[in-house]
Every structure is written in structure tokens, then in C-alpha cells.
Amino acid sequence: MLTGNSGISTFKGEERALRADRLGMSGLLLSVVAASAPLMVVAGVMPTTYGVMGIVGQPLLFVILGVVLLLFSVGYAEMSRHVHNAGAFYAYIARGLGGTAGAAASLVALVSYSAMQFAVFGLFGFEISGLFQTYLDTTVAWWIPAVLGVLAVGALGWLKIDVNAKVLGVLLLIEIALVVIFDVAAIGSPAKEGLSMHAFDPSTLSGAGLGTALCFCIASFVGFEQSPVYAEETSRPQVVVARVTFLAVTFVAVFFAISSWALSIAAGPSQIVEESQKQGPGLLFGLSESIIGATFTDVLHVLYVTGMFACLLSFHNVVARYAFAMGREGLLPSAFGRTNPNSGAPAFGSLLQTLVSLGFVVAFAVTDSSAAADHDPTAPVLKLFTWFGNVGALGVIVLLATASFAVIGYFVRRGALRTQAPRIAASALAGIALIVIAVYAVKDFDVLVAGDGSAVSWVLPGIIGAAVVGGLVYGAVLRATRPEVHARIGLGNEAFRIEQARETAGTDAETAAS
């Protein structure tokens with residue numbers, strides 16, 4: 001951190017850096033895959049995609065998106081070898097497309113990941129409320145466990161990232177094991193239609209809800225792109241980050257394609273949409289109880305909630321690091337660019353995310369008060385989770401598409417057009433595909449609000465549009481009024497090292513002259 005005109009002091013310089021060598025490859029892989037919340041996706045996202053969007057070919061969507069995101073990862077992973085910055089998306093975009101684009105990306109990232117975290121808090125509170133009602137015959141308002149969840153996640157966010165990785169790892173491995181058990185049982189006991197491959201037929205991808213289904217499914221991958229966020233805290237980031245990115249995409253694509261197919265096999269391809277509409281998130285548990293038994297289903301229900309908690313913690317860590325990177329570079333007040341001196345965690349970024357999450361949950365609870373005439377007890381799921389989950393997913397799609405072209409810009413600027421040609425080509429294909437997905441997602445947003453022509457169908461995607469425009473304006477203002485801050489966007493600690501080197505060189509020159 002700069003102290004007046006004297007450069008970077010050792011102590012304050014340490015405050016501006018995350019603790020290195022906290023994560024190895026396994027810890028990083030568990031941290032990023034935890035954001036995809038396997039059990040939450042199988043129990044919450046998949047029945048919603050089947051039921052609300054009516055897309056039977058969900059397993060095929062996961063395969064298609066897996067291919068697109070692997071193409072994206074080719075250039076993204078290569079760039080991770082050159083740029084190590086907790087700002088990840090916005091740092092890459094700034095280095096490839098300029099500081100103004102980077103400023104816009106930073107705001108879109110904050111809004112998108114925060115929206116996804118808010119969405120999961122709604123589902124988290126709703127499911128814990130249901131557990132109290134089912135097993136203890138006690139009524140608890142959904143917002144109470146949601147608020148407690150915000151506080152618990154915030155407390156863990158202050159701890160060392162390796163402690164967080166252990167918590168995430170244990171919860172993740174348990175929920176993966178449970179989903180695998182269900183998948184095997186479902187495939188071994190199919191409905192009367194047998195082991196049908198109908199869900200992989202391209203004709204199943206027709207319907208008005210395809211764009212929203214793409215948005216939902218790509219949200220299930222969210223996490224793989226977060227590995228560069230931890231680059232500064234990872235041992236050998238130039239190797240580990242790239243490997244984890246490819247491993248995470250491949251695992252998620254295969255795991256979710258098989259799991260969504262297993263759901264359709266257990267219910268029957270001809271019945272999966274109707275059953276999903278009837279049971280919603282209860283589909284997995286109803287099928288599990290009929291195939292495996294009540295005891296396993298009870299355990300599954302409890303771990304469903306802990307899996308959501310792991311997802312919330314993962315998103316919290318990412319948003320806190322984005323805020324840290326933005327504070328360090330001057331996009332947010334400098335206080336956000338400091339770490340906890342004891343744990344090395346981004347303390348103020350974590351506190352900011354905790355307070356914002358708390359305010360959002362309380363505000364939604366107040367507007368959806370049970371005393372209101374139009375109160376909907378399913379609002380935490382059908383509105384908070386579904387609506388804001390898709391807002392966040394749309395923002396991530398925009399970031400992925402922009403980052404694809406930023407990779408191209410970065411290597412072209414470095415004169416590496418020939419040596420990086422395969423990666424540039426892969427990034428171009430991924431970028432085009434992601435733009436198409438984003439257009440379809442926006443076009444079909446009205447499916448989320450029952451296609452009633454409500455203003456909500458354009459207000460929701462408009463949140464991301466506003467973030468883009470607001471970020472571009474902010475970046476342009478910085479460029480005109482604070483060019484030194486604008487020039488630092490995306491550089492992270494490199495900016496401070498460069499400045500320190502310049503100052504040292506100037507001091508040496510003065511000494512030599514005297």
C-alpha cells in the first residue's frame with residue numbers, strides 16, 4: 001500500500017496481498033466445485049428445468065455446455081499462466097480489452113455472484129424451514145435460518161482459506177457420494193420405459209423455455225471459472241489453476257449429464273416434466289424414497305442443506321476476493337483492499353458481502369411478509385432462487401463471453417497471434433457460442449414469470465444491463481479524472497511492485513548522483 005509519496009511499506013504491502021501457498025490442487029478443486037453444489041443442482045435446478053422450462057433434453061444440454069466451456073477454458077487457462085489476480089474475470093478483461101471494460105466487468109462480477117448467493121440464501125432458508133416443519137412439527141419463517149446462514153458464512157469468510165477449503169471439501173465429497181448412490185440406484189431401477197436414451201435426442205431441445213434452461217444449466221457450472229480468483233493463494237498458480245479449470249469443467253459436465261439422465265430414467269422420460277411440475281424440488285426425494293428407502297432419503301435431505309451452505313461459502317469467498325482486488329486497485333475504497341492480519345483473508349470484502357447479503361435477505365423478507373395480502377409461501381424458491389439465480393447466471397454468461405474475446409485481445413497485443421493461434425480460435429468459437437446463449441436467455445426470460453408479459457421479464461435481465469452500462473461509465477470517468485487508477489485496473493500487486501521498483505530506481509539514481 002502506498003504511504004504518501006514514500007512508496008510501499010512492508011507491513012502495509014502485506015495487507016495488500018493475499019497469503020500465498022494456502023491451497024494445493026486438491027484444495028482449489030474442492031473450493032471451486034463446491035460452488036456448483038452438486039446436490040442442490042440435482043434436487044433444485046434439474047426439477048425446475050424439467051418442470052418450468054419443459055426441456056426433456058437437459059442431459060444433452062449439459063454435454064453441449066460442457067463442450068462450449070471446455071473451448072472457453074483453452075484460452076482462459078492459458079491466460080491464467082500469465083495473469084495472477086484475485087479479480088480474475090475483470091482482471092483478464094482489463095488486460096485484454098482495456099481498463100474501462102475491466103471496470104465494467106468488475107461491477108458485473110460483483111452483481112452476478114452476489115445475485116446467485118442471494119438466490120441460494122432463499123432456497124437455504126426455505127429448505128431448513130421445511131425440515132423443522134417435517135421433523136420437528138415446528139413452524140420457522142424461512143428468513144430466520146437464512147439470516148443465521150448469512151452470519152455463519154460471514155464468520156467463516158474471515159478464516160484462513162485452507163480452513164474454508166477443508167469445510168467445503170468434506171461437505172462436497174459427502175454430497176457427491178450421495179448423488180452417485182442415487183444415480184446408480186435409479187439406473188438400476190428405471191421406470192417402465194427402461195434405460196431410454198431419449199433425453200440425449202436433439203429433438204428434445206425444442207420449446208419456449210430453451211434459453212432459460214440454458215441459463216439454468218450454465219449456472220450449474222458456475223465455480224469452474226473461479227479458480228483464478230485463488231491464484232494468489234495457490235502454490236504454483238501457473239500450473240495448478242489451469243489444471244483445476246479443465247478438471248472442474250469436465251467433472252461437472254459428466255456428473256450432471258449422468259445425474260439429470262438418472263432423474264429422467266427414474267421418473268420415465270415421458271413423465272419427467274409432469275412429475276417435476278407436481279413435486280418441484282421434492283422430486284429427487286420422492287424418487288429416492290421409492291427406490292432406496294426413507295432412511296437414505298432423510299440423510300439426503302439434511303445433506304441437501306449442508307451442500308447449499310458449502311455453495312454459499314464458496315460464493316462468499318469469491319465475492320470477497322473480487323471486492324479485495326477492486327479495493328487494492330482503487331475501484332472500491334482502499335479499505336476493501338486489505339486483508340485480515342491473522343488469517344490473510346480479505347477482511348473488509350468479506351464484511352461487505354455479509355452486510356449486503358443480510359440487507360438483501362431482510363428486505364426480501366419484509367416485502368414478502370406473511371401479513372401481506374399477496375403473500376406466497378414459495379416465494380423464496382420461485383422468486384428469490386429462480387429469478388435471481390438466473391440474473392446471476394446471465395451475468396456470468398456475459399462475463400464468459402467477454403473474457404473469451406479478452407483472451408484474444410491479450411495475446412494479439414503481445415504479438416503472440418501465431419504461437420497462440422489454436423487457443424485464440426477456441427476462444428473465438430466459445431465467445432460466439434456464449435453470445436448466442438446469452439441472447440436466448442434474455443429472449444426467454446418471460447418463462448420465469450409465467451409468460452404473462454410482466455415488466456419483471458425485462459427488469460431482471462436489465463439488472464445486468466445496468467451493471468454493464470454503469471461499469472463502463474465508471475471506467476470512462478476514472479480514465480478522465482484518475483488516469484493513474486485507470487492504468488492500474490487488472491494489474492493487482494504488479495502495479496505496486498512496478499511502482500516500488502520505479503521508486504527504488506529513482507532513489508538509487510539520486511544516491512549515485514550525490
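These values consider heavy atoms only, across backbone and side chains, with no hydrogens, waters or symmetry-generated copies.
No more than 12 heavy-atom neighbours from other residues, nucleotides or ligands sit within 6.0 angstrom of CZ on Phe348.
Counting only distance, with no hydrogens or angles, the side chain of Ser80 and the backbone of Ala77 share a donor-acceptor pair below 3.5 Å. Of the possible polar contacts, one joining the Ser106 side chain to the Ala103 backbone as a donor-acceptor pair under 3.5 Å is found. Side-chain N or O atoms of Arg321 include one that pairs as donor or acceptor with a backbone N or O of Asn317 at under 3.5 Å. Judged by distance alone, the side chain of Ser350 and the main-chain N or O of Pro346 form no donor-acceptor pair under 3.5 Å. For Glu329 (side chain) and Gly490 (main-chain N/O), a donor-acceptor pair under 3.5 Å exists by modelled atom type. Not a single donor-acceptor pair under 3.5 Å links the side chain of Ser314 to the backbone N or O of Ala310. Side chain of Ser334 to backbone of Gly330: no donor-acceptor contact under 3.5 angstrom is found. With Gln117 contributing its side chain and Leu312 its backbone, the two residues share a donor-acceptor pair below 3.5 Å. In terms of modelled atom types and a separation under 3.5 Å, the side chain of Ser260 and the main chain of Ala257 share a donor-acceptor contact. A donor-acceptor contact shorter than 3.5 Å is absent between the side chain of Ser112 and the backbone of Ala109.
Using a 4.5 Å heavy-atom threshold, the side chains of Val407 and Gln420 count as separate.
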Inset, instruction - Begin with the C-alpha distance, continue with both residues' side-chain angles, and end with the deciding distance and a verdict on side-chain contact (heavy atoms from CB on, under 4.5 Å) for Met116 and Val396. - result: CA-CA 10 Å; Met116 296 187 85; Val396 171; 4.2 Å; yes
Inset, instruction - Apply the test side-chain contact (heavy atoms from CB on, under 4.5 Å) to residues Met46 and Val41: give CA-CA distance (whole Å), side-chain angles for both, the deciding distance (0.1 Å), then the verdict. - result: CA-CA 6 Å; Met46 290 179 184; Val41 170; 3.9 Å; yes
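Within the 6.0 Å centre-distance limit, the rings of Phe360 and Phe118 are counted as a close aromatic pair. Residues His486 and Tyr474 keep their aromatic ring centres 6.0 Å or farther apart. Less than 6.0 angstrom separates the ring centroid of Tyr76 from the ring centroid of Phe89.
Checking each of Val239, Val240, Val241 against Arg243 for a side chain to side chain contact (heavy atoms under 4.5 Å, CB included) leaves exactly one that passes, namely Val239.
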